[in-house]
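Reading through the C-alpha cells given below for one structure.
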Amino acid sequence: MRWSRVGLCALGAGVWATQSAAGPAGHWSGSCGPADDRRAIAVSLDDHAGTWSGTLDLESGGLAGEPLSRAAAHGDSVELVLATDLGDVILAGMQEGDRIAGRMRMGPLDYPFELARTPAEPAAWRREEVKIPNGQVTLAGTLFLPAGGGPFPAVVFLHGSGATPRLGLGDRARVDAYLRGGIAVLVYDKRGIGASTGDYRRVGMRDLAGDGLAVLRWLGSRHEVRGDACGFDARSQGCWLAEMAAAEAPDVQFIVAQVGGGVAPWRQELHRIAAEMGAAGAGPASVDSALSWVELHYAVARGDSSWERYQQVGESMRGTRWLDLKRPYASVEQAHASWERLSSYEPAPDLARLRCPLLAVLAAEDRSTPTELTAQAFRQSARPAGAPPFDVRVLAGVGHELLEFPPSGLPRLPPDYPALVVQWVKSVVGEH
C-alpha cells in the first residue's frame with residue numbers, strides 16, 4: 001500500500017532546532033482532518049543531542065510508525081514532514097505547553113490538526129535484524145515477533161517490482177496488524193537493495209522466488225516460529241514469486257496474494273497502459289495505437305516479430321505522449337532477456353500445482369492489475385486432488401494501493417482491511 005493518488009503529497013521535510021525540556025520531545029496524539037472526517041493521529045519525537053527524529057501514525061490511512069522525512073522547530077513553531085510517492089504532507093503548527101495545533105497540508109488539501117502530549121505506549125513486540133544466506137547472496141531483513149513466548153505462525157513479505165524498500169510506506173501498519181494477531185513477520189531487502197548483496201536486476205523472477213523460499217525456510221527453523229505455519233504475504237509482482245515458490249515446495253503453508261498473481265505479466269501490462277491512458281483522458285484511437293505498440297513490443301521479445309520492424313514502428317511513434325508508458329528496448333538482446341526474466345511467466349501451471357490455501361485480495365479500481373481477469377483466473381484455476389479452492393475477495397472503491405479516497409481526500413483503509421487478511425491467516429494455520 002502506498003499513498004499515491006493525484007492531489008496527495010508526501011509528508012515532507014525539516015530539521016528540528018534544539019529546544020528546552022518543555023519542547024516537542026515525546027509522544028503526542030490527537031486528530032486531524034475536516035469536521036466530518038476527523039482522523040486519529042499520533043507523533044513521537046526524539047532529541048539526539050540536538051538532532052531530531054520521529055514517527056507518525058495515521059492508522060485509518062494505513063500508516064503506523066512511519067519515519068518522518070524531516071522536522072523543524074523554531075521557538076514555538078513546529079513543522080513535521082513525511083514523504084510519500086507524490087510529494088510532501090506537512091504538519092505546521094504552534095506549541096503551547098502540552099498542546100500543538102495547526103494545519104495539515106497535503107497538496108491542495110488544508111485541514112486543521114491538534115495534538116496533546118500523552119504517555120507513550122511500550123512496544124508489545126520484539127524485533128531482530130537478521131542475515132539470511134541463499135547461495136552466493138546474503139539477504140538482510142528484520143524479524144518482528146509478537147509479545148509472548150510462541151511459537152508463532154509467521155509470514156514473509158514479498159514486495160512488488162523495482163527497488164522496493166524493506167519497509168515501504170504503509171508496510172509498518174501491515175506488520176502491526178499481524179503482530180497484534182499473534183503472527184510473526186519477516187521483511188527483507190531484495191538482492192542489491194539496502195543491506196542485501198547481489199543485484200535483483202540481473203536475475204529473473206524464479207531467482208527472486210528462490211530468495212523468498214530461502215527466507216521462509218530460515219524463518220521456519222527459528223524456535224519462536226511454527227515451522228508448520230509459515231507463508232507469504234505478497235504484493236503485486238511478489239504474488240508471482242509466491243506462486244513460483246509454493247509450486248516447488250510444500251514448506252509454504254499459505255499465500256496471501258494482494259493485487260496481483262493471476263495473469264501473465266505481459267497481459268497485465270496491456271491492462272495497465274490502457275487504464276493509465278484512459279484515466280489521463282486519452283481517446284479510443286490513441287489507446288488502440290498504444291496497445292498495438294505494446295503487443296509488438298512483446299512480440300519482438302518473444303521472437304515473433306523482426307527487430308527491424310520493431311525499430312521502424314518505434315521511430316514512427318517517437319514524440320507520442322504515451323510512449324513513456326512502455327519505452328522501446330535498446331537492443332534485441334535486451335528484449336529477449338526481459339521476456340525470459342520478467343514478462344513471459346504464465347501463472348496457470350504453478351497455480352494448478354499449489355496445494356496450500358491462497359487468499360487473493362484484489363482492488364475493484366486497479367489500474368495496474370486487471371482485477372476481473374485475475375479474479376477469474378484464481379476462481380477457475382485447476383486444483384490438485386483434495387486442495388481447497390482459492391479464496392478471492394474484491395475490495396470495492398480502491399485501487400492498486402488498497403486505499404479509499406473519500407470526499408475529504410484523506411486516504412482511508414477499506415472497512416475490515418487488513419483485519420480480514422490476519423483473520424484468514426489465523427483460520428488456515430489453526431491453533432498450535
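Worth knowing before you read on, the calculation uses all heavy atoms, side chains too, and leaves out hydrogens, waters and symmetry mates.
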CZ/Arg383: more than 12 non-hydrogen atoms of other groups inside 6.0 Å: yes
Residues Leu216, Val155; criterion side chain to side chain contact (heavy atoms under 4.5 Å, CB included); working and verdict: CA-CA 8 Å; Leu216 182 136; Val155 298; over 6 Å; no
Residue pair Val215 / Asn134, side-chain heavy-atom distance below 4.5 Å: no
Pairing of Arg127 and Glu129 as salt bridge, 4.0 angstrom limit: yes
Check: Arg341 side chain, His336 main-chain N or O, donor-acceptor pair, under 3.5 Å: no
Thr371 side chain vs Ala363 backbone, donor-acceptor pair below 3.5 Å: yes
Atom of Ala279, atom of Arg367 and distance for their closest heavy-atom approach: CB-CZ, 3.4 Å
Flag if over 12 foreign heavy atoms under 6.0 Å of CZ, Arg321: no
Audit row: Leu80, Leu56, side chain to side chain contact (heavy atoms under 4.5 Å, CB included) steps and yes/no: CA-CA 9 Å; Leu80 310 176; Leu56 181 141; 5.5 Å; no
Atom of Ala173, atom of Gly62 and distance for their closest heavy-atom approach: CB-O, 3.1 Å
Glu372 CD: over 12 foreign heavy atoms closer than 6.0 Å: no
Under 3.5 Å: donor-acceptor pair, side chain of Thr369, backbone of Val259: yes
Any donor-acceptor N or O pair under 3.5 Å, side chains Asp207, Tyr200: no
Between Gln258 and Tyr417, a side-chain donor and acceptor under 3.5 Å: yes
Sub-4.5 Å side-chain heavy-atom contact between Val287 and Leu291: yes
Of all pairs that satisfy salt bridge (charged side-chain N to carboxylate O under 4.0 Å, His left out), the ones with a partner from residues 133-147, not counting sequence neighbours: none
Stepwise side chain to side chain contact (heavy atoms under 4.5 Å, CB included) check, Asp233 with Val421: CA-CA 9 Å; Asp233 181 310; Val421 172; 4.1 Å; yes
Contact summary for Ala247 and Arg353, nearest pair of heavy atoms: O-NH2, 3.0 Å
salt_bridge(Arg174, Asp176) N-O dist < 4.0 Å: no
From CA spacing to verdict: salt bridge (Lys or Arg N to Asp or Glu O under 4.0 Å), Lys326, Glu295: CA-CA 11 Å; Lys326 184 55 64 180; Glu295 288 171 347; over 6 Å; no
Min side-chain heavy-atom separation Trp28-Ser44 under 4.5 Å: no
Main-chain N/O of Pro370 paired with Thr374 side-chain donor or acceptor, under 3.5 Å: yes
Atom CZ of Arg202 with >12 non-hydrogen neighbours under 6.0 angstrom: no
Nearest-0.5 Å distance that lies between atom CG in Leu373 and atom CZ in Phe378: 12.0 Å
Between Trp293 and Tyr298, ring centroids under 6.0 Å: no
Side-chain (Arg309) to main-chain (Val300) donor-acceptor, under 3.5 angstrom: no
Distance in Å, Leu158 CG paired with Cys239 SG, rounded so as to fall on 0.5 Å steps: 8.5 Å
N/O donor-acceptor pair under 3.5 Å between Asp251 side chain and Arg217 backbone: no
Least distance between heavy atoms, Ala385 atom then Arg355 atom: O-NH2, 2.6 Å
Interatomic spacing from OG in Ser29 to CD1 in Ile41 - rounded to 0.5 Å: 10.0 Å
Within-4.5 Å side-chain heavy-atom neighbours: Arg412 and Ser60: yes
Spacing of OG belonging to Ser381 relative to CG belonging to Leu358, to within rounding of 0.5 Å: 9.0 Å
Side-chain heavy atoms of Thr164 within contact of Ile193, under 4.5 Å: no
Test item: Ser196 side-chain N/O and Asp189 main-chain N/O as donor-acceptor pair under 3.5 Å: yes
Pairwise distance CD(Gln253) to CZ(Arg226) - rounded to 0.5 angstrom: 9.0 Å
Salt-bridge contact Arg180-Glu59 (side-chain N to carboxylate O under 4.0 Å): yes
Heavy-atom side-chain contact between Trp322 and Met317 under 4.5 Å: yes
Heavy-atom side-chain contact between Trp266 and Tyr345 under 4.5 Å: no
Stepwise side chain to side chain contact (heavy atoms under 4.5 Å, CB included) test for Gln237 and Leu342: CA-CA 10 Å; Gln237 186 190 77; Leu342 301 173; 4.2 Å; yes
Backbone N/O of Gly54 and side chain of Asp46: donor-acceptor pair under 3.5 Å: no
Test item: Leu413 and Leu402 side chains (from C-beta on) under 4.5 Å apart, heavy atoms: no
Check ion pair Asp211-Lys190 (N to O, under 4.0 angstrom): no
Distance-minimising heavy-atom pair for Pro414 and Leu395: CG-CD1, 4.0 Å
Where at least one partner belongs to residues 127-186, residue pairs that pass ring-ring contact (aromatic ring centres under 6.0 Å, His included), sequence neighbours excluded: Trp125-Phe144
Heavy atoms of other groups near Asp304 CG, more than 12 under 6.0 Å: yes
cation_pi(Arg206, Trp240) dist<6.0 Å, angle<=45: no
Heavy-atom pair with the smallest gap, counting every atom of Pro119 and His27: O-CD2, 3.8 Å
Donor-acceptor pair, side chain of Arg39 and main chain of Leu410, under 3.5 angstrom: yes
Thr142 side-chain N/O to Val187 backbone N/O, donor-acceptor pair under 3.5 Å: no
CE on Met244 to CE on Met205, rounded to 0.5 Å: 4.0 Å
